[in-house]
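So the structure is just underneath, and the comments pick up after that.
Reminder, nothing fancy here: chain letters follow the sequence lines and each chain counts from 1.
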Protein chains: 2
Amino acid sequence: MPASSRAASQVDAGEAVAIGQRSTRQRRAVVSALDDIEAFVSAQQLHQRLVADGTSVGLTTVYRTLQALADAGEADSIVQEDGEVLYRRCSGDHHHHLVCRDCGVTIEVQDSDLEAWARRIARRHGYRDVTHSLELRGLCPECATPSRRRS
Amino acid sequence: MPASSRAASQVDAGEAVAIGQRSTRQRRAVVSALDDIEAFVSAQQLHQRLVADGTSVGLTTVYRTLQALADAGEADSIVQEDGEVLYRRCSGDHHHHLVCRDCGVTIEVQDSDLEAWARRIARRHGYRDVTHSLELRGLCPECATPSRRRS
DNA sequence: GTGCATGCAAACGCTTTGCAACATG
DNA sequence: CATGTTGCAAAGCGTTTGCATGCAC
C-alpha cells in the first residue's frame with residue numbers, strides 16, 4: 001500500500017510517555033491512541049488504527065512501545081485463547097477486568113473480598129506466594145440490550 | 001535420562017478414549033500419558049515424553065488428540081503468558097486451578113462463594129451471561145519447603 | 001472395503017530480533 | 001554529537017492444515 005505522506009495527526013499527548021524513555025513522535029502517538037480506546041486492543045489493531053489515522057509508525061515500534069508500557073505498569077495486558085496479547089491503559093493498582101465479549105469494553109474491578117478469598121484458598125492448601133489472575137467475560141448493558149440486537 | 005520409574009509403555013486401555021472417536025494406539029497412548037501426569041503439560045512436552053518412552057507418535061496427533069480431549073471436556077486447557085497451551089486431565093465440573101509455579105502440580109478448586117461473587121460483580125455492572133476464568137499461582141508445600149526439596 | 005486417523009512438511013499468525021539509518025537530548 | 005529509537009526484513013515459536021498413506025471397524 002502507498003503509505004506515502006506523513007499527514008501526521010496532531011498528536012497532543014497530554015502527558016508524556018512517562019516511562020523513562022525518549023519522547024518520540026511514534027511513542028506519543030501509540031500512547032495517545034491507547035488512551036483513546038476504552039477496550040483491549042492488540043498491537044496489530046492499534047497499528048492499523050494509527051496508520052489509518054495517518055500516523056506513520058512501524059508495527060515493530062508499536063509492539064515495543066506496548067511492551068514497555070506493560071512492563072512499566074502503565075498498561076494492562078491479557079493473553080487470549082489464541083495467544084494474541086491485548087493491551088489497555090489502566091491504573092497501576094491490582095485489579096481485574098470485566099470485559100464485554102462483544103465490543104471489548106472493559107470495567108476494572110477491585111474487590112478485597114476476592115483478594116481475601118484467594119489468600120484463604122492458598123493457605124488452605126499450604127501454597128505460598130500466591131498470585132491470582134481473574135477475568136470476567138460477558139455482555140455489557142449495551143450489547144445485551146434486546147432492542148439493539150438481531151430479532 | 002531414562003526417568004522411567006513406572007515406564008508404562010503398556011498402555012492399559014482401561015477406559016477407552018471416551019470421545020466418540022476411533023480408538024487407536026496413538027490416542028490411547030496420549031490419554032494414558034496425560035493421566036499419569038498430575039501437572040499441566042504442553043503438547044510438545046507430552047510428545048517428547050511419549051517419544052522418550054518409546055511410543056511412536058506424531059506431534060500433530062498429540063496436538064489433535066489434546067484438542068479433542070479439551071473440546072470434549074475431558075481435559076482442561078490453559079494458555080500461559082507466551083501463548084503456549086497447557087493441558088491436564090480433570091473432572092468435567094466447573095472449577096479453577098491452584099498451580100505451583102515451580103513444579104506445576106495442580107489442585108482443583110471449587111468454591112460457590114467465588115461463583116456468587118462473580119455473579120454479584122457482573123450484575124452490579126449490568127453485564128449478562130458472564131463467565132469467568134481464574135488461576136492461582138504459587139509455591140506448593142513441597143517446593144516452598146527448603147528441607148524437603150524435590151526436583 | 002470404507003472412512004476416519006496419522007504424520008510429514010509446509011503454511012500460519014503473532015511476536016521478536018538483527019542491523020543500518022535516523023532523530024532526540 | 002552520542003545514544004537511544006526506528007523499521008524493514010527475516011527469523012522464531014507454538015500451532016494448524018494439506019494430502020497421501022495406513023489402520024480401525
Side-chain angles (χ1 to χ4, degrees), chain A residues 1-6 8 11 13 16-34 40-51 54-72 75 77-88, chain B residues 11 13 15-34 40-51 54-72 74-75 77-88 104:
Chain A
M1 53 171 83
S4 53
S5 62
R6 67 288 201 39
V11 178
V17 181
I19 319 175
Q21 296 178 37
R22 224 168 248 183
S23 174
T24 67
R25 173 181 60 76
Q26 291 92 328
R27 263 180 221 180
R28 271 168 302 191
V30 171
V31 172
S32 171
L34 195 61
F40 274 98
V41 285
S42 68
Q44 314 229 21
Q45 289 174 334
L46 198 61
H47 177 245
Q48 289 183 348
R49 202 185 179 99
L50 285 163
V51 171
T55 305
S56 171
V57 58
L59 177 57
T60 309
T61 300
V62 176
Y63 269 109
R64 284 197 273 235
T65 305
L66 287 177
Q67 268 178 352
L69 285 170
D71 286 345
S77 64
I78 59 177
V79 192
Q80 50 181 10
E81 304 276 303
D82 64 352
E84 193 176 23
V85 183
L86 304 183
Y87 297 89
R88 178 173 185 273
Chain B
V11 179
E15 60 185 284
V17 182
I19 322 175
Q21 295 178 37
R22 226 166 247 185
S23 173
T24 67
R25 173 181 60 77
Q26 291 92 329
R27 269 200 252 243
R28 270 169 299 182
V30 171
V31 172
S32 171
L34 195 61
F40 274 97
V41 286
S42 68
Q44 313 229 24
Q45 288 173 336
L46 199 60
H47 177 245
Q48 289 184 346
R49 202 184 178 101
L50 285 163
V51 171
T55 305
S56 170
V57 58
L59 177 57
T60 309
T61 299
V62 176
Y63 270 110
R64 284 198 273 237
T65 304
L66 287 177
Q67 263 176 189
L69 285 170
D71 287 345
E74 304 228 4
S77 64
I78 58 177
V79 192
Q80 48 182 11
E81 304 276 304
D82 64 352
E84 194 176 23
V85 183
L86 305 183
Y87 298 89
R88 178 173 184 273

Euclidean distance, [Y] [atom2] relative to [X] [atom1], rounded to 0.5 Å:
X	Y	atom1	atom2	answer
B:T60	B:H47	OG1	NE2	8.0 Å
B:E84	B:I78	CD	CD1	10.5 Å
A:R49	A:L34	CZ	CG	10.0 Å

Given the rule that a pair is Watson-Crick or G-U wobble with both distances under 3.5 Å, how would you write DNA chain D in dot-bracket, using | for pairs to a different strand?
-> |||||||||||||||||||||||||
Counting just side-chain N and O atoms, does B:Y63 come under 4.0 Å of either OP1 or OP2 of D:dT15?
-> yes
Taking only side-chain nitrogens and oxygens of A:Q67, does any of them come within less than 4.0 Å of OP1 or OP2 of C:dT16?
-> yes
Minimal non-hydrogen separation, [X] against [Y], with atom names:
X	Y	value
A:Q44	A:Y63	NE2-OH, 3.1 Å
B:R22	B:R27	O-NE, 3.2 Å
A:V85	A:S77	CG1-CB, 4.0 Å
B:Y87	B:Q67	OH-CG, 3.9 Å
A:L66	A:A43	CD1-CA, 3.6 Å
B:A33	B:L50	CB-CD2, 3.7 Å

Sub-3.5 Å pairs of nitrogen or oxygen atoms, protein against nucleotides 20-25 of chain D:
from   : atom 1 : to    : atom 2 : distance (Å)
D:dC25 : OP1    : B:S23 : N      : 3.4

Using atom [atom1] of [X] as one end and atom [atom2] of [N] as the other, report the distance to the nearest whole Å.
X	N	atom1	atom2	value
A:Q26	C:dT24	CD	C1'	11 Å
B:D82	C:dG13	CG	C1'	15 Å
A:H47	C:dG13	NE2	P	17 Å
B:E84	D:dT16	CD	P	12 Å
A:E81	D:dG14	CD	P	19 Å

Side chains of B:Q80 and B:L86 in contact at under 4.5 Å (non-hydrogen atoms) = yes
Side chain A:R25, main chain A:S56, donor-acceptor under 3.5 Å |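 Checked: pair present.
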Return the polar atom pairs (N/O with N/O) between nucleotides 8-13 of chain D and the protein under 3.5 Å, or none.
from  : atom 1 : to    : atom 2 : distance (Å)
D:dC8 : N4     : A:T60 : OG1    : 3.4

